[in-house]
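Below is one structure, written out as structure tokens; comments come after it.
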Amino acid sequence: MRVDALGNGPNMYPLFVSLKDRVCLVVGGGAVGERKVRKLLEYGARVRLVAKDLTPWLQHAADGETLLYLGPDYAEDHMEGVDLVFAATSDEILNEHIAEHARNRRVWCNMASSPHLGTCVVPASLRRGPLTIAVATEGLSPAVARRVRQRLEEQFGPEWEPYLRFLGALRRHIQKQSRDSAINQELFRRLAGLPLTEWIRRGRFSEMIDAVSAVCQDLVPRDRVAWLWDKAWNTSC
């Protein structure tokens, strides 16, 4: 079945990638550029920056290592060895040139002002520890994506981080105790079906531990369940 593009650009394939030690080029040093750089550094990228004007934060953060300032004027050779580029200037024509250079070099390009002209978009995202929820509109309306994210923030509260860390710890422990995949999968389904997030939100930890212990039975004794929960809770706080 053929899927037609809804916007002016191609449909975007959703994908999570690791930027650890990847080289990213950001062209533009205003508020948008700063926001891009902050997020890239947070995820472990090595950032090169080209900008005529730097915000105070960018001036301070440019250490020559994780954030390298290349000067005020963009040149195509700045893209040498780059994995991902962000065109974040206020000059629409320059942004389009950057996108064209990126396409020629087969480098992923994000266009801040005209997302549909780039080859990747940065979604509005929500993080709850190991849980990441991303929302994108293929560049048609980033404002709508942010609005959807705000609704999701209400639905997926901070209790989801200890919840996932707890389930992950239980899963690893069960897999060590039992090599029967069918039994394990049934246990995981039953655990996921418990109202754990509700109990966590209400502070009903003892009730939660009792219920989990009943599902796990001899595979995970109650004292071990309690220990795994305490570890997950303390890691999340």
Side-chain angles (χ1 to χ4, degrees), residues 7-10 12-127 129-130 132-147 149-150:
N8 296 324
M12 296 290 181
Y13 183 83
L15 176 70
F16 287 88
V17 298
S18 170
L19 292 181
K20 177 68 174 176
D21 293 327
R22 292 289 183 175
V23 179
C24 299
L25 173 65
V26 176
V27 185
V32 175
E34 178 182 323
R35 187 165 65 248
K36 301 292 186 185
V37 170
R38 283 179 180 268
K39 186 62 68 172
L40 291 169
L41 293 176
E42 179 184 337
Y43 281 85
R46 304 184 68 83
V47 182
R48 299 174 184 174
L49 176 65
V50 176
K52 293 187 181 299
D53 298 302
L54 301 181
T55 65
W57 184 88
L58 287 172
Q59 292 178 26
H60 182 266
D63 58 4
E65 296 181 4
T66 56
L67 177 56
L68 175 63
Y69 178 57
L70 299 180
D73 298 315
Y74 165 77
E76 185 176 354
D77 60 7
H78 286 150
M79 217 170 283
E80 190 69 34
V82 166
D83 298 295
L84 174 63
V85 60
F86 291 82
T89 78
S90 57
D91 185 334
E92 194 66 28
I93 295 177
L94 175 57
N95 287 343
E96 291 178 8
H97 284 321
I98 295 169
E100 181 181 1
H101 295 160
R103 282 193 296 272
N104 293 338
R105 290 172 175 264
R106 302 185 69 81
V107 174
W108 298 109
C109 179
N110 173 264
M111 294 275 285
S113 57
S114 302
H116 64 281
L117 296 179
T119 51
C120 65
V121 296
V122 178
S125 61
L126 162 66
R127 289 195 70 186
T132 300
I133 302 174
V135 182
T137 58
E138 296 194 353
L140 294 178
S141 180
V144 170
R146 287 193 294 271
R147 184 178 179 186
R149 184 205 63 202
Q150 289 168 355

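Smallest separation of non-hydrogen atoms from Val121 and Ala136: CG2-CB, 4.3 Å. When all heavy atoms of Ala51 and Tyr69 are compared, the pair lying nearest together is O-OH, 2.8 Å. Across every non-hydrogen atom of Val50 and His78, the tightest pair is CG2-ND1, 3.6 Å. Minimum heavy-atom separation, Leu54 to Gln59: O-NE2, 3.1 Å. Closest approach of Pro123 to Ala134, counting heavy atoms only: CG-CB, 3.6 Å.
The CZ atom of Phe86 sits 13.0 Å away from the CE atom of Met111 when rounded to the nearest 0.5 Å. Here His101 contributes atom NE2 and Glu96 contributes atom CD; the two are 11.5 Å apart, rounded to the nearest 0.5 Å. Expressed to the nearest 0.5 Å, how far CG of Leu40 lies from CG of Leu67 amounts to 10.0 Å. If you take CG on Asp21 and OG1 on Thr66, they are separated by 10.5 Å, rounding to the nearest 0.5 Å. Note that CG of Leu84 is 6.5 Å distant from CG of Leu19, once rounded to the nearest 0.5 Å.
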Stepwise, does the side-chain contact (heavy atoms from CB on, under 4.5 Å) test hold for Trp108 with Asp83?
-> CA-CA 7 Å; Trp108 298 109; Asp83 298 295; over 6 Å; no

Checking salt bridge (charged side-chain N to carboxylate O under 4.0 Å, His left out) for the pair Arg103/Glu100: CA distance, chi angles, key distance, verdict?
-> CA-CA 5 Å; Arg103 282 193 296 272; Glu100 181 181 1; 5.5 Å; no

Test log, rule side-chain contact (heavy atoms from CB on, under 4.5 Å), inputs Lys36 and Asn110 = CA-CA 10 Å; Lys36 301 292 186 185; Asn110 173 264; 3.4 Å; yes

Verdict with supporting geometry, Leu68 and Val47, side-chain contact (heavy atoms from CB on, under 4.5 Å) | CA-CA 6 Å; Leu68 175 63; Val47 182; over 6 Å; no

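Results of the side chain to side chain contact (heavy atoms under 4.5 Å, CB included) test with Val27 over Asp91, Ile98, Asn95 single out Ile98 as the only residue that passes.
Side-chain atoms of His116 and Ser114, non-hydrogen and from C-beta on, do get closer than 4.5 Å to each other.
Atom CG of Leu15 is surrounded by more than 12 heavy atoms from other residues, nucleotides or ligands within 6.0 Å.
Salt-bridge annotation for Glu65 and Arg46: absent, with no side-chain N of the basic residue lying under 4.0 Å from a carboxylate O of the acidic one. A salt bridge is defined here as a Lys NZ or Arg NE, NH1 or NH2 lying under 4.0 Å from an Asp or Glu carboxylate O, and Glu42 with Arg38 fails to meet this definition.
When atom types are taken as modelled, the side chain of Thr119 and the backbone of Cys109 share a donor-acceptor pair closer than 3.5 angstrom.
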